[in-house]
Structures are given as C-alpha cells and as structure tokens.
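All chains are named by letter (A, B, ...) in the order of the sequence lines, taking the proteins before the strands, and each is independently numbered beginning at 1.
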There are 2 protein chains.
Amino acid sequence: MASILLVEDETAIREMVAMALERAGYRVRHAESAEDADAAIRLSQPDLILLDWMLPGESGIDFARRLKRERVTREIPVILLTARGEEADRIRGLDAGADDYVPKPFSPRELVARVKAVLRRVQPTAGEAPVEMRGLMLDPVSHRVSGDGRKVEMGPTEFRLLHFFMTHPDRVFNRAQLLDNVWGANVYVEERTVDVHVRRLRKALAPTGHDDLLQTVRGAGYRFSID
Amino acid sequence: MASILLVEDETAIREMVAMALERAGYRVRHAESAEDADAAIRLSQPDLILLDWMLPGESGIDFARRLKRERVTREIPVILLTARGEEADRIRGLDAGADDYVPKPFSPRELVARVKAVLRRVQPTAGEAPVEMRGLMLDPVSHRVSGDGRKVEMGPTEFRLLHFFMTHPDRVFNRAQLLDNVWGANVYVEERTVDVHVRRLRKALAPTGHDDLLQTVRGAGYRFSID
DNA sequence: CGGTACTGTGACAATCCCGTAACGCCCCGG
DNA sequence: CCGGGGCGTTACGGGATTGTCACAGTACCG
C-alpha cells in the first residue's frame with residue numbers, strides 16, 4: 001500500500017490524521033518541520049505528502065514551492081492542510097504546486113477521501129500496476145516476475161527489493177535507505193544483509209540476462225539502471 | 001565514529017551497554033544522573049543520548065522532556081531504556097520527545113542495532129538536484145557523471161570532489177578547505193593528497209575535454225571555472 | 001638567468017569495499 | 001517430529017580505492 005509523509009508539528013492533529021490514514025491501510029511517516037521532511041523524503045520516497053501550511057521554520061507553502069522547483073517531488077503529489085480558508089490562499093497553495101488543499105477543520109473521513117482521490121489521479125493504478133523495463137516484467141498483483149517471457153523465480157524479500165528498484169529506477173540507494181524502504185523503518189538488520197539479497201536477486205535474474213540492470217555504485221550503494 | 005552519552009545509574013547495566021557500544025565502534029561517555037548528563041552534554045555534544053527511565057533525582061522521562069523543551073537536543077536523538085513495558089509508557093516516552101524506546105531486558109545486539117537505526121534515520125543523507133556546466137553533467141541522485149552525453153567514470157572521492165566544485169563554481173579553495181568539505185571535518189590527511197585527487201579527477205574528465213575546467217591557482221588552491 | 005617554492009605525475013602499500021559461500025536459526029507444512 | 005525454504009549473519013578473498021612519497025616539471029622571484 002502507498003506510503004504517506006505527514007508534515008505537521010501539532011501532535012494532536014498529527015495523531016488523528018495518522019490513525020485515520022493507517023486505518024485506511026496507508027503506511028504513515030511523519031516529520032515536524034521542513035527540515036525533517038527533507039530528510040524523510042530522501043530516505044523513504046513517499047507516494048504522497050500531506051503538508052501543514054503553518055510549520056516552525058520554513059512554512060509549508062514555501063516548502064511545497066521549493067520541492068516543486070527542485071523537482072525532488074517530480075512525481076510525488078502534495079496536499080496542503082491549513083486553517084486558512086480564503087479563496088486567495090487556496091489559489092496561492094495550488095500555485096505553489098500543491099495537488100489539493102484541505103481546509104481545517106476537516107474530518108478524518110474527508111481527508112482520507114482526498115488522499116485516495118489524489119493518489120488515483122496521479123498514479124492511475126497506485127503501486128499495483130505491473131512494471132516493465134527492458135523485457136523484465138514485474139506484476140505486483142500476481143506476484144510474478146518474468147524476463148523476456150520466461151518465468152523468473154525468487155523469494156519474497158528479493159521480490160520486494162526488485163519492486164522497489166523498478167519503481168525507483170536510476171537512483172542510487174545506500175544500504176540504510178534500502179533497509180528502510182524494503183525491510184521497513186523500524187527493523188534492525190545489518191547493512192551487509194542488503195548485499196546478500198542483492199546477490200540473490202542478481203542470481204535470480206541471471207538466467208534471462210537482466211542481472212546487469214542492478215548495478216553496484218562503489219562507496220554509495222546500489223542502482224537499478226535504465227540504460 | 002559517533003559519540004554516545006549513556007545516562008544510567010546502575011553500574012552493571014552501564015558496563016554491559018558501554019562495552020557493547022564500544023565494540024561496535026562508538027565512543028561512549030556516561031553520566032549517572034540528569035545533572036551529570038546536563039554537564040556532559042554541554043561538554044561533549046554527543047550524537048545520541050541513551051537515557052534510563054529511572055534515575056536518582058530527576059527521572060529520565062522528565063529529563064527527556066526538558067531537553068526537548070529547552071531545545072538543547074533539537075537535533076540530538078534520545079533513546080529511552082526502561083523496565084516498564086506498557087504500551088502507555090511507550091507512548092509517554094515517545095511523546096516526551098524520545099526517538100526510540102528499548103524495553104528491558106534487552107540484548108546488547110538489539111540495543112546496538114537500534115542505535116544504528118536511529119543514527120541513520122537522523123543523520124541526513126544528502127541528495128540534490130543535478131548540476132550542469134558546459135556540457136558536463138553531474139547527477140547526485142543517480143550518481144552519474146557525463147560529458148557531452150558520454151559516460152564519465154571516476155572513484156567516490158573524485159565524485160564528491162567534483163560535486164563540491166560544481167556546486168561552488170568560480171571560487172578558489174585552498175587544500176584545507178577542500179579537505180574539510182570533501183573529506184570531512186576532523187579527518188587528518190596530508191594536504192598534498194588533494195593534489196593527487198585533483199589529478200585523478202582531471203584524468204577522468206580528460207576524455208571529454210572538460211579537464212580544463214578544474215584550474216590550479218598557484219599559491220592559493222584550485223578553482224572550478226565557469227568561463 | 002638561477003633559484004626556489006609550488007604543482008604534476010607515477011608507483012606502491014595499506015586499507016576498504018563488495019561478492020560470494022557457508023552456517024545456523026526460525027517458521028511451517030507434512 | 002522432521003525436512004526444507006527463506007532469512008540474517010559472518011568469514012574470507014580479491015580487486016578497487018586511497019593516502020603517501022619521491023621525483024619531475026613549472027611558474028615566479030630577485
């Protein structure tokens with residue numbers, strides 16, 4: 001299921017929203033400031049960002065604008081949360097690159113509905129769509145992988161690893177990032193374990209010759225190449 | 001390696017934890033009460049604080065709350081150690097501003113793993129926008145360099161060096177500044193080492209003719225020219 | 001036009017990092 | 001209860017990377 005980054009400094013609201021989203025089946029991380037959020041985005045590549053307008057330090061709207069400008073969130077949609085209800089603010093928010101705008105007070109139900117709507121709009125078949133690269137195909141629904149038509153067998157962890165790589169192509173991830181994204185945020189595992197699963201994944205991909213897509217970047221981590 | 005402040009009044013636990021952390025390569029200081037810890041923090045600026053819930057005098061959780069409120073530890077993560085295992089306590093602990101929570105009894109291995117996880121979550125992983133100059137392009141996200149479309153290969157240090165130069169163009173840096181910014185603050189290496197890596201970087205850039213962008217300023221250092 | 005301080009260059013040993021194989025553990029199904 | 005598959009950890013070895021040095025080359029001074 002999609003993972004959502006909630007950027008909100010007020011604990012009460014944060015917990016209410018987090019609970020509602022988690023009940024709806026989303027994975028939720030949170031940050032309390034723009035700086036926190038920066039780090040969290042780099043670490044976990046959320047599918048959607050819920051952003052409070054009023055934040056300590058850099059304001060939500062400035063942050064949204066900066067994200068769009070830096071193209072960090074090329075494909076990550078942003079929803080603004082705010083107590084300000086004016087038409088003018090709404091426009092400012094959308095201008096800044098937000099994909100939607102939810103005025104406080106809002107009901108958890110309404111928020112979840114908007115999140116769903118935005119995810120549906122932005123990623124038509126959120127997360128569950130098959131991915132294909134250079135003849136290597138992965139289908140999350142049937143949980144199958146094939147290379148040039150031939151079946152490819154692998155374990156569950158390798159499957160999740162490959163899925164993550166294929167949905168974030170051509171980016172280097174260090175071992176800690178992979179652990180967070182594929183194993184889960186609060187799981188405590190040695191970093192070298194990543195190497196072993198990369199190796200197992202490569203071995204699984206070798207028969208169809210797709211193993212060279214998964215590249216080592218010395219001193220940095222691994223990358224699923226698109227070239 | 002990171003330095004850790006361990007606040008724990010029971011000698012047996014303290015020694016076990018300290019040994020485990022030191023074996024994992026961390027520098028460990030310890031304090032036996034909140035007052036001790038106050039002094040130690042001001043003195044040594046640890047990267048992480050391990051805090052026992054039950055302490056003589058001010059309790060660990062009060063101390064954690066005070067630290068966060070006084071913003072002494074705005075960016076120093078805190079892990080609470082405690083015998084109390086209730087869910088309610090856990091929430092109280094995280095509410096007080098702790099970054100993680102380890103219930104006793106715990107294995108040294110688990111503790112070390114949690115310390116690692118918190119540190120890697122908190123310490124920022126820099127990833128940024130691509131930079132381009134006169135056909136030379138560097139993308140920190142995919143960790144790739146290309147000159148006029150052709151791939152350019154180099155080692156990790158050369159990559160960091162080039163990234164630094166490209167994000168600070170047309171400025172002269174002496175060798176000490178480059179060591180600080182590219183190698184890291186308190187690393188001792190010979191200044192002439194910079195020369196060698198500049199040379200290696202030039203060699204890597206030579207095939208596409210971009211090596212002349214990296215200029216020597218005699219008696220001052222090096223500069224990445226924009227002209 | 002020397003001389004001198006500074007920089008470029010190639011080689012080398014130490015170290016680091018990664019690929020690989022092997023091991024033990026846990027969970028499940030038979 | 002046993003067997004097997006998946007998983008995380010560890011040890012080892014080889015190759016890439018790194019820091020240092022010695023020497024060659026070069027700019028700048030008087």
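Just one of A/V172, A/N174, A/D195, A/V217 meets the side-chain contact (heavy atoms from CB on, under 4.5 Å) condition when paired with A/Y222; it is A/D195.
Across all strands, B/E158 comes closer than 4.0 Å only to sugar-phosphate atoms, never to a base (heavy-atom distances). Nucleic acid contact for A/T193: base, since at least one base atom lies under 4.0 Å from a heavy atom of the residue. Residue-level contact check: B/V198 touches neither bases nor backbone, having no heavy atom under 4.0 Å from any strand. In this structure, A/R202 reaches the sugar-phosphate backbone alone: every heavy-atom distance under 4.0 Å involves primed, P, OP1 or OP2 atoms, never a base.
Relative ring orientation between A/W183 and A/H197 is described as perpendicular, the plane-to-plane angle rising above 60° on a 0-90° scale split at 30° and 60°.
To the nearest angstrom, P of D/dG5 lies 17 Å from CE of A/M154. Summarising the geometry, the separation between CZ on A/R192 and C1' on C/dA22 is reported as 14 Å, rounded to the nearest angstrom.
For B/F164 and B/F173, the distance between ring centers is under 6.0 angstrom. For A/F159 and A/H143, the ring centers sit closer than 6.0 Å to each other.
Of the side-chain N and O atoms in A/Y222, one or more sit less than 4.0 angstrom from OP1 or OP2 of C/dG19. At D/dT17, none of the side-chain N or O atoms of B/T157 fall inside 4.0 Å of OP1 or OP2 (strictly under the cut-off).
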Protein-nucleotides 1-6 of chain C N/O pairs closer than 3.5 Å?
unit_1, atom_1, unit_2, atom_2, d
C/dA5, N3, B/R218, NH2, 3.3
C/dC6, O2, B/R218, NH2, 3.4

Ignoring hydrogens and angles, write down the donor-acceptor pairs under 3.5 Å from the side chains of residues 200-211 of chain B, residues two or more places apart or on other chains.
unit_1, atom_1, unit_2, atom_2, d
B/R202, NE, B/L214, O, 3.0
B/R202, NH2, B/L214, O, 2.9
B/R202, NH2, B/T216, OG1, 2.8
B/T208, OG1, B/L205, O, 3.3
B/T208, OG1, B/H210, ND1, 2.8
B/H210, ND1, B/T208, O, 3.3
B/H210, NE2, B/R134, O, 2.9

